[in-house]
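Notes for the one structure printed next.
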Amino acid sequence: MPELPEVEYVARQLATTLVGRRIVGVEVCWARSVQGMLPEEFAARLASRSVVGIGRRGKYLLIALDGEETLIVHRRMSGNLIFAARIDEDPYVRVALKLDDGRYLLYSDPRKFGRLALAASDAIEQALPGLGPEPLAASFTPDVLAVRLAATRRPLKAALLDQSVIAGLGNIYADEALFRAGIHPLCTGASLSRDELQRLHAGIQGALRTGIEHGGTTFGRHRDVHNETGANLEHVEVYRRTGQPCLRCGTPIARITVLQRGTHYCPHCQPLK
DNA sequence: CTATAAACCTGCTGGC
DNA sequence: TGCCAGCAGGTTTATA
């Protein structure tokens, strides 16, 4: 579920609410939510650690601790990090961190796909699978985008969903970016003109920034650290709008399947060359 | 390299 | 009301 905007929004919340807190207790309720080690070792390595910083890489949330270790969280389809007064406030708790102010930070995840891991703070990139550039970094230019897309013959939608091409885009924001750019999801990356590349670059950044601004997109499970929904569903232009009129031209939004993922676009505004 | 399917899991929605 | 099929923001692994 969470894509870059949903992770970034939560990261910004945690930067002001979690940094400085110490972990005084760890309860693992679903062992497989912890990656790479047994729950006992995970709990032992987190015990008495203080949070010194919050970061994000693609869809990975990074919680830096003293002792040079970082807690890496990937929420996958249905995971959320939520502050609570008690563990049983949420029915889907997989891991609970008790904090030194008496509250809990709960990792809640109905579908159990998400993972928590620990890695040396100076080796985060090596601990993650190979990720492409950060699309909101200043160094992510239309030229960089062109180079990333030139290396593949796959449909653009498939390339945008590939985290090793660009980090952080998922099904919602890939569709939104392509709509903003006026490019059909089945176009080939290598076939894009200079103008189309610039539009796609602007579309990617614009869609992501809009998502962050509205607290992320919630149509199902995404919640922020206060268990609040994100408002960006009111601002998406094509995602899950199948059959509804295009906000630009009125043509009904079409839905196709790419990589077994629902893909939404306007047949008029996003022509297939 | 590309494409496709399956696996990991549970909950919700829509149709009959 | 009840049941079943299908769908869901992601990623990894196996197979053609």
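Below, chains carry the letters A, B, ... as their sequence lines are ordered, and counting in each starts from 1.
Atom OH in Y60(A) sits about 12 Å away from atom P in dG10(C), given to the nearest Å. When the P atom of dG10(C) is taken as reference, atom CG of L169(A) falls 10 Å away, rounded to whole Å. In this structure, the CD atom of Q35(A) is 10 Å from the C1' atom of dT11(C), given to the nearest Å. Across the protein-nucleic acid pair, N80(A) atom CG and dG10(C) atom P stand 14 Å apart, rounded to whole Å.
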task: Convert the base pairs of DNA chain B into dot-bracket notation, remembering that pairs crossing earlier ones are written with [ ] and that bases paired across to another strand are shown as |; include only Watson-Crick or G-U pairs under 3.5 Å.
output: .|||||||.|||||||

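Every residue two or more places apart in sequence or in another chain that forms a side-chain hydrogen bond (donor to acceptor under 3.5 Å, both in side chains) with R49(A) is listed here: D66(A). Under the side-chain hydrogen bond (donor to acceptor under 3.5 Å, both in side chains) criterion, E41(A) pairs with R45(A), sequence neighbours left out. With sequence neighbours excluded, the residues forming a side chain to side chain contact (heavy atoms under 4.5 Å, CB included) with R56(A) are L4(A), V7(A), E8(A), E134(A), listed by chain and number.
Between H74(A) and Y60(A), the angle of the ring planes goes over 60°, which puts this pair in the perpendicular group of the 30/60° scheme.
Considering only heavy atoms from C-beta on, Y265(A) comes within 4.5 Å of I256(A) through its side chain. In this structure, the side chains of F83(A) and V225(A) come closer than 4.5 Å at one or more pairs of heavy atoms.
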Between protein and nucleic acid, restricted to nucleotides 14-16 of chain C and to nitrogen or oxygen atoms under 3.5 Å apart, what atom pairs and distances do you find?
none

- request: Encode nucleotides 1-12 of chain B as B, S and - characters from 5' to 3', where the letter depends on protein heavy atoms closer than 4.0 Å: B to the base, S only to sugar-phosphate, - to neither.
  value: -SS-B--BBBS-

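Contacts of G220(A) with the nucleic acid, taken as non-hydrogen atoms under 4.0 Å apart, include base atoms.
Contact annotation: H74(A) side-chain N/O to dT11(C) OP1/OP2 distance is under 4.0 Å.
Taking atom P in both dC9(B) and dG6(C), one finds a spacing of 22 Å when rounded to whole Å. With both ends at atom C1', the span from dC4(C) to dC8(B) equals 22 Å, rounded to whole Å.
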